[in-house]
Amino acid sequence: GAVVSQHPSWVICKSGTSVKIECRSLDFQATTMFWYRQFPKQSLMLMATSNEGSKATYEQGVEKDKFLINHASLTLSTLTVTSAHPEDSSFYICSARSRDSHYNSPLHFGNGTRLTVT
Amino acid sequence: AQSVTQPDIHITVSEGASLELRCNYSYGATPYLFWYVQSPGQGLQLLLKYFSGDTLVQGIKGFEAEFKRSQSSFNLRKPSVHWSDAAEYFCAVGARMGGATNKLIFGTGTLLAVQP
């Protein structure tokens with residue numbers, strides 16, 4: 001149980017285009033989803049917290065107009081990288097917490113999306 | 001501010017040898033602590049967690065971790081390492097956000113290599 005599906009697993013796009021990444025909780029409802037970015041050989045940096053039906057909360061230094069997050073349902077959150085540039089190339093990972101779990105319960109992670117901007 | 005430190009960036013052990021990965025945290029209240037493992041190009045899998053109670057917690061794949069409040073540590077151990085344990089390991093602390101939401105703060109990770 002507690003499966004999080006992330007799509008696509010990898011994507012290559014041209015500079016200036018936008019890319020959408022989907023994060024779905026397959027067998028549970030997630031009121032909160034988190035988006036992380038991971039640079040090569042580095043840790044996961046939290047980009048934003050997505051709450052169903054409300055605006056996302058962005059971490060300091062993350063451009064909300066560039067990284068658009070939508071959490072329209074209890075099972076789906078999307079991250080759209082707008083006007084992508086090569087420096088946006090990274091590994092993006094989403095995670096979700098079940099609505100029925102304690103707020104400190106473990107997160108369930110997707111398998112990540114490798115974005116390469118050429 | 002909350003933070004997690006994993007002093008060892010890279011560790012190599014022989015198959016069958018014991019393993020200990022270090023983790024130190026900084027958090028003002030009782031911490032909620034986690035260890036996750038990441039295989040190349042994959043997401044993260046939870047190994048174990050500590051919320052309260054017994055300070056020695058057992059996880060999956062034969063891993064265990066011990067919470068030591070006096071040392072602000074939560075080191076991960078395994079008595080006998082298998083080649084399939086080669087991966088990157090992340091320690092994380094649950095940090096309280098506004099309201100009832102919590103977020104995870106990750107350490108920088110320890111890359112484990114296993115020699116035959």
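So that the names make sense, note that chain A is the first sequence line, chain B the second, and so on, each numbered from 1.
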Could you tell me which portion of A:Gln38 (side chain, backbone, both or neither) has an atom closer than 4.5 angstrom to a non-hydrogen atom of chain B?
side chain
Where does A:Leu44 contact chain B at under 4.5 Å (heavy atoms): side chain, backbone, both or neither?
both
Can you hop from [X] to [Y] via hydrophobic side chains spaced under 4.5 Å?
X	Y	value
B:Trp35	B:Tyr27	yes
A:Val62	A:Trp35	yes
B:Ile9	B:Leu21	no
B:Tyr36	A:Ile93	yes
B:Ile11	B:Phe74	yes

Side-chain contact, heavy-atom cut-off 4.5 Å: B:Leu46 with A:Phe109?
no
Give, as side chain, backbone, both or neither, the part of B:Gln38 having an atom under 4.5 angstrom from any heavy atom of chain A.
side chain
Heavy-atom pair of closest approach, residues A:Tyr36 and B:Leu104
OH-O, 3.3 Å
Closest heavy-atom contact between A:Phe91 and B:Gln42?
CE2-O, 3.6 Å
Find the distance between CZ (B:Phe34) and CG (A:Leu107) and round it off to the nearest 0.5 Å.
7.0 Å
Rounding to 0.5 Å, atoms OG (A:Ser95) and CG (B:Leu44) come to a distance of 9.0 Å
May I ask you to decide if B:Gly109's main-chain N or O and A:Ser43's side chain share a donor-acceptor pair within less than 3.5 Å?
no
Which residues in residues 81-92 of chain B have any heavy atom lying under 4.5 Å from a heavy atom of chain A?
B:Phe90
Counterpart residues, side chain to side chain contact (heavy atoms under 4.5 Å, CB included), relative to A:Glu52 (two or more places apart)
A:His71, A:Leu74
Looking at A:Lys64, I want to see if its NZ is surrounded by more than 12 non-hydrogen atoms of other residues, nucleotides or ligands under 6.0 Å.
no
